[in-house]
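The structure under discussion appears below in the form of structure tokens.
Below, chains carry the letters A, B, ... as their sequence lines are ordered, and counting in each starts from 1. What you are looking at is a predicted structure, and each value in this text was computed from that prediction instead of being measured. When reading the values below, keep in mind they use all heavy atoms of this one structure, side chains included, and skip hydrogens, waters and symmetry mates.
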There are 2 protein chains.
Amino acid sequence: MISTGIVVEYNPFHNGHLHHIKEARRKTNADVIIAVMSGNFLQRGEPAIVSKWARAQMALEAGVDLVIELPYTFAVQQAEMFANGAIALLNALGCENFCFGSESGDVQSLVKIANMLQNTTTNQRFQTAIRTHIKQGMSYPSSLSAGFKQLGIIEDDIDLSLPNNILGFHYILAAQHQQTNMRPITISRKAANYHDQTFTSETIASATAIRRAIFSSDNISDIKKVVPATSFQALINYKQTYGSFHHWNHYWPFLQYKLLTTSANDLSELYEVVEGIEYRLKKYALQAQCFSEFMNLVKTKRYTWTRIQRMCVHILTNTKKVEMKEHQKRPEYIRLLAMNEQGKQYLRSIKKQLSIPLISKFSAKFESVMELDSRSTQVFAQILDAKARSLLLHREYSEPPIIQT
Amino acid sequence: MISTGIVVEYNPFHNGHLHHIKEARRKTNADVIIAVMSGNFLQRGEPAIVSKWARAQMALEAGVDLVIELPYTFAVQQAEMFANGAIALLNALGCENFCFGSESGDVQSLVKIANMLQNTTTNQRFQTAIRTHIKQGMSYPSSLSAGFKQLGIIEDDIDLSLPNNILGFHYILAAQHQQTNMRPITISRKAANYHDQTFTSETIASATAIRRAIFSSDNISDIKKVVPATSFQALINYKQTYGSFHHWNHYWPFLQYKLLTTSANDLSELYEVVEGIEYRLKKYALQAQCFSEFMNLVKTKRYTWTRIQRMCVHILTNTKKVEMKEHQKRPEYIRLLAMNEQGKQYLRSIKKQLSIPLISKFSAKFESVMELDSRSTQVFAQILDAKARSLLLHREYSEPPIIQT
């Protein structure tokens with residue numbers, strides 16, 4: 001069976017994602033599409049709009065055969081670590097190909113750059129350029145960009161300031177470092193750009209624009225034309241079952257409470273809280289009236305919005321530096337969220353070759369290794385009313401994966 | 001000027017309190033009544049129904065001349081430490097008398113028992129009896145009761161299982177230990193008993209019954225006949241200004257969040273979290289759907305409701321054992337909440353004899369020593385909407401005491 005891996009967040013699932021799945025299948029002639037999907041908190045440091053279970057359901061209904069959770073340890077991270085975790089999981093699952101969307105649509109340029117970095121001297125020059133710029137107070141993305149310039153790569157070749165190009169580059173780099181044999185494929189993103197705030201085409205819109213539409217009105221029918229009918233229904237169902245979508249605004253009282261009750265010293269033990277920013281966080285937590293006001297107060301040239309958001313997620317989940325260090329080397333398990341008959345067959349065929357345990361239901365045995373996923377799910381559920389919260393935790397701890405027959 | 005101290009919580013102020021103030025003034029012929037009042041969290045481990053400012057206002061309107069805050073370090077404590085802090089403050093303020101309500105109305109019996117404990121051998125026997133019973137798994141109040149029996153004190157003499165008799169006993173004991181010259185006076189409590197859940201007389205009801213009436217209906221006019229008109233209006237104003245009264249139910253999501261995101265090991269560093277109860281707390285925090293369900297699950301014969309509630313307040317405010325230890329020896333400041341002209345004159349007359357600083361406005365200078373009061377106020381405000389929260393914090397940090405002219 002030919003298997004192709006993709007790395008997704010589906011926040012929420014939309015027509016662009018559907019296009020990507022179809023193209024990934026067509027281009028690689030895949031029998032099985034395996035999606036590694038972020039859990040309840042996402043790469044840009046945000047809660048997902050609906051739980052990982054609802055998003056896995058959407059994926060399944062749109063043609064994905066197997067949905068695996070990217071653990072918190074890798075999901076809420078900058079591109080490099082995010083890519084490392086995702087590629088390791090796809091490789092562990094025996095994928096022949098991995099396929100990602102990019103602004104450039106040009107996989108060869110990305111491979112060429114990754115190859116350049118195989119050369120130790122070049123790589124050192126690259127890393128030094130990045131470090132130097134970070135020390136000068138530049139943000140990570142800007143420093144990365146400066147690093148590429150150092151290699152002689154200019155925007156005319158490939159624009160490595162665009163988020164999907166960067167991610168793609170890191171997937172390829174990770175696949176090389178981990179010495180996998182997976183073949184990289186890219187698909188040019190259709191119509192909408194990642195950060196688009198409004199709908200730009202008839203049937204394709206960015207997830208950002210879709211979330212904005214959902215949160216800006218009580219009537220979500222505006223998004224009907226840009227998401228598959230099954231996904232639309234899943235969103236409706238989620239709202240009905242759990243009473244609310246999830247937004248940073250809902251978590252703000254908890255973040256504020258956490259920042260105000262924790263000493264600067266204890267905050268500095270949390271992951272990504274560095275360089276004395278804890279004082280800044282505490283100061284503005286007292287003052288700010290809502291999450292976006294807080295973010296605008298805390299943000300500086302050095303700390304990008306995304307970096308601070310990720311930091312805030314780690315504070316919210318009370319994730320310590322030592323905890324992260326313990327788990328971030330390599331994924332320690334494969335958590336199965338959803339599968340169809342095809343996915344099931346595929347799993348059966350590779351089961352014996354798996355080097356890490358496949359977890360289809362949360363069990364006490366894995367409590368310690370899955371602690372961060374578990375805790376982040378409890379935090380994710382905390383904004384729901386008591387009954388909905390219990391329901392979501394029951395889904396997490398007591399039910400089997402979603403199986404489509 | 002003759003000054004008489006009282007120790008109060010006013011949660012909320014009612015006709016029984018009014019009677020107590022009048023009697024205290026009459027019996028001691030006082031020119032000044034000084035109330036040492038718990039801040040936003042109370043002795044029984046509960047948030048006050050309204051802020052300390054609103055309660056200080058009620059006190060002033062009912063005839064108290066000076067309202068001083070009992071710091072968090074002493075307020076959210078069992079009787080012994082609570083009494084130590086309150087008596088130390090009244091003594092520091094130069095009170096000649098202190099006057100407390102009791103079920104017995106008999107100050108001589110209480111003084112007699114306190115005197116017995118001046119004898120080292122008797123005191124050791126008493127302490128040993130208490131410790132032995134605690135070790136056997138009995139609660140503190142039951143052990144204390146057993147200690148009294150050991151001294152030959154039986155219920156026919158004075159019932160030392162009644163909460164106000166116990167508190168009174170501890171005030172007298174503290175006054176002796178601190179070698180003050182203050183004269184103890186007691187006033188028999190009228191009509192309502194401390195724990196009464198319903199109204200038992202026409203104009204006197206317990207604060208418990210009053211809070212129950214307030215929280216069980218949207219219309220608080222039921223309590224009109226049992227509280228002074230000024231207090232009734234103050235309650236109405238509070239609700240209008242801040243949008244909500246304060247109840248443990250409102251703080252439950254934060255307590256639950258704190259328990260779920262904090263490791264058992266870190267919880268055990270918090271004040272009053274001992275003997276491995278942290279595991280029990282974490283287990284039931286995951287399971288419980290509301291505060292009272294949680295409390296009923298956690299409660300055992302050994303851990304009384306009140307003890308667990310106090311523990312929960314310390315968890316909510318993230319108060320560490322080391323922090324408490326640092327501040328609990330003796331009050332380090334006198335925080336003035338409210339005064340009238342009489343109180344102002346009295347303060348002027350004793351100002352030079354004060355052994356600890358009088359703080360009339362929060363200032364950076366006292367930030368460190370007032371850290372626990374400050375933090376507990378921030379937690380207290382956390383359940384309000386953003387605007388009301390800012391208002392309450394402004395009252396705390398930026399405004400002068402309440403002055404009645």
Side-chain angles (χ1 to χ4, degrees), chain A residues 249-267 269-270 282 285-294 313-320 322-323 367-368 371-372 374-394 396-398, chain B residues 249-267 269-270 282 285-294 313-320 322-323 367-368 371-372 374-394 396-398:
Chain A
N249 287 350
H250 305 132
Y251 295 91
W252 165 243
F254 294 101
L255 177 66
Q256 186 179 42
Y257 162 78
K258 172 75 181 172
L259 287 168
L260 294 179
T261 54
T262 310
S263 68
N265 194 46
D266 285 355
L267 283 177
E269 286 182 15
L270 300 182
K282 277 185 79 71
L286 187 61
Q287 183 181 327
Q289 303 218 352
C290 67
F291 183 67
S292 64
E293 185 189 350
F294 173 73
V313 169
H314 299 310
I315 293 168
L316 192 68
T317 56
N318 198 31
T319 300
K320 296 189 179 179
V322 288
E323 279 180 296
E367 217 166 84
S368 145
E371 164 70 18
L372 285 175
S374 178
R375 204 195 302 157
S376 69
T377 295
Q378 291 174 17
V379 170
F380 185 76
Q382 197 61 18
I383 63 145
L384 301 174
D385 73 24
K387 217 173 142 185
R389 174 185 166 273
S390 293
L391 202 65
L392 195 66
L393 294 182
H394 188 264
E396 181 73 15
Y397 294 118
S398 311
Chain B
N249 286 351
H250 305 131
Y251 295 91
W252 165 242
F254 294 100
L255 177 66
Q256 186 179 44
Y257 162 79
K258 172 75 181 172
L259 287 169
L260 294 178
T261 53
T262 310
S263 68
N265 195 46
D266 285 354
L267 283 177
E269 286 183 14
L270 300 183
K282 276 186 79 70
L286 187 60
Q287 184 181 327
Q289 303 217 351
C290 66
F291 183 67
S292 64
E293 185 189 351
F294 173 72
V313 169
H314 298 311
I315 293 168
L316 191 67
T317 56
N318 198 32
T319 301
K320 294 189 181 180
V322 288
E323 278 181 295
E367 218 166 83
S368 145
E371 163 70 17
L372 285 174
S374 177
R375 204 196 301 157
S376 68
T377 294
Q378 292 175 17
V379 170
F380 185 76
Q382 197 60 18
I383 63 145
L384 301 174
D385 72 24
K387 218 174 141 185
R389 175 186 165 272
S390 293
L391 203 62
L392 195 66
L393 295 182
H394 188 264
E396 181 73 14
Y397 294 119
S398 310

Set of residues satisfying side-chain hydrogen bond (donor to acceptor under 3.5 Å, both in side chains) with respect to B:D266, sequence neighbours excluded: A:K320
Atom pair OG/CD of B:S263 and A:E371 - distance to nearest 0.5 Å: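 That separation rounds to 8.5 Å.
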Straight-line distance of B:K258 NZ to A:T262 OG1, nearest 0.5 Å: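 Going from the NZ atom of B:K258 to the OG1 atom of A:T262 covers 5.5 Å.
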Contacting moiety of [X], where chain B heavy atoms sit under 4.5 Å:
{"X": "A:L260", "value": "both"}
{"X": "A:A288", "value": "backbone"}
{"X": "A:Q378", "value": "side chain"}
{"X": "A:Q256", "value": "both"}

Closest contact, heavy atoms only, A:Q289 versus B:A386: O-CB, 3.4 Å
Considering all heavy atoms, the nearest A:T261-B:L316 contact: CG2-O, 3.9 Å
Residues forming a ring pair (Phe, Tyr, Trp, His ring centres under 6.0 Å) with B:F254, sequence neighbours excluded: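 B:F254: ring pair (Phe, Tyr, Trp, His ring centres under 6.0 Å) contacts with A:F254, A:Y257.
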Among A:T317, A:L286, A:V379, A:T319, residue most engaged with chain B (heavy-atom pairs, under 4.5 Å):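 Maximum pair count with chain B is reached by A:L286.
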